[in-house]
Amino acid sequence: MNSSQYSTIDDDSSLIPINLYSINAPFLIKRIYFLHNLKNFSKRGFHSHKNLHQLILCTYGSFKIKIDDSLNQKIYSMNDSSFALYLKPGLWRELFDFAPNSICLVLASDVYSEEDYIRNYHDFLNYKLL
Ligand code: TYD
């Protein structure tokens, strides 16, 4: 995904455009949301989705995301707004270690549905055995 950061000359405010047409997402993007006001001790995620596909981006600051497919775990350092992490359904995710004021942008394949969540890790492991 290509995105640029544009600053003004008189202050350090900035604008980051997200051109949806240029995102090569492996799904139709139906919802966009972002996490903000994040603290270093904030912890987000701690769930899996049954059917939802997502692209996760760090549009400001940095954070880490642990991805767990029930067999293997991998930690990604997110600090580049031109990089999007694709999460297919059935992955447990934990977001942590946020730099102050970081922004996490999420592009999702469907509207919000609590029924699509698995919020308990042991339920997630059992779900993966089905
Ligand atoms: P959740 O997806 O658990 O966020 P995180 O993984 O960052 O901790 O959602 C947190 C709360 O926000 C939960 O009560 C559901 C609500 N929510 C919506 O109402 N709509 C949405 O699109 C999302 C993503 C969450």
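Counting starts at 1 for both ligands and their atoms, following the listed order.
- Shown here, atom 6 (O) of ligand 1 is in close reach of the protein: a heavy atom of it lies under 4.0 Å off.
- Of the N or O atoms in Gly45, one or more lie within a sub-3.5 Å distance of an N or O in ligand 1.
- The aromatic rings of Tyr86 and His53 sit parallel to each other, their planes meeting at less than 30°, with 60° as the upper class boundary.
- Ligand 1 has a nitrogen or oxygen under 3.5 angstrom from a nitrogen or oxygen of Tyr117.
- Here's the thing with Arg44: one of its N/O atoms is less than 3.5 angstrom from an N/O atom of ligand 1.
- The nearest pair of heavy atoms linking Phe124 to Ile118 is N-CG2, 3.5 Å.
- The protein non-hydrogen atom at the shortest distance from atom 15 (C) of ligand 1 is Tyr112 OH, 3.2 Å.
- Listed for the Arg93 side chain is a donor-acceptor partner under 3.5 Å among the backbone atoms of Leu91.
- In the vicinity of Leu35, heavy-atom distances shorter than 4.0 Å reach the ligand 1 atoms 7 (O).
- Here the side chains of Phe27 and Ile29 are in contact, with some heavy-atom distance below 4.5 Å.
- Classified by interplanar angle (parallel below 30°, tilted 30° to 60°, perpendicular above 60°), the ring pair His47/His49 is perpendicular.
- Nearest to atom 21 (C) of ligand 1 among the protein's heavy atoms is Arg31 NH1, 3.3 Å.
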Begin from the C-alpha positions of Glu94 and Tyr121 and carry the test side-chain hydrogen bond (donor to acceptor under 3.5 Å, both in side chains) through to its verdict. CA-CA 11 Å; Glu94 299 176 5; Tyr121 187 69; over 6 Å; no
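- Inside a 4.0 Å radius of atom 3 (O) of ligand 1 there is at least one protein heavy atom.
- Counting only heavy atoms, the protein gets under 4.0 Å from atom 18 (C) of ligand 1.
- Between Arg119 and ligand 1, a contact under 3.5 Å exists for at least one N or O pair.
- Residues satisfying the salt bridge (charged side-chain N to carboxylate O under 4.0 Å, His left out) test with Lys88, not counting sequence neighbours, are none.
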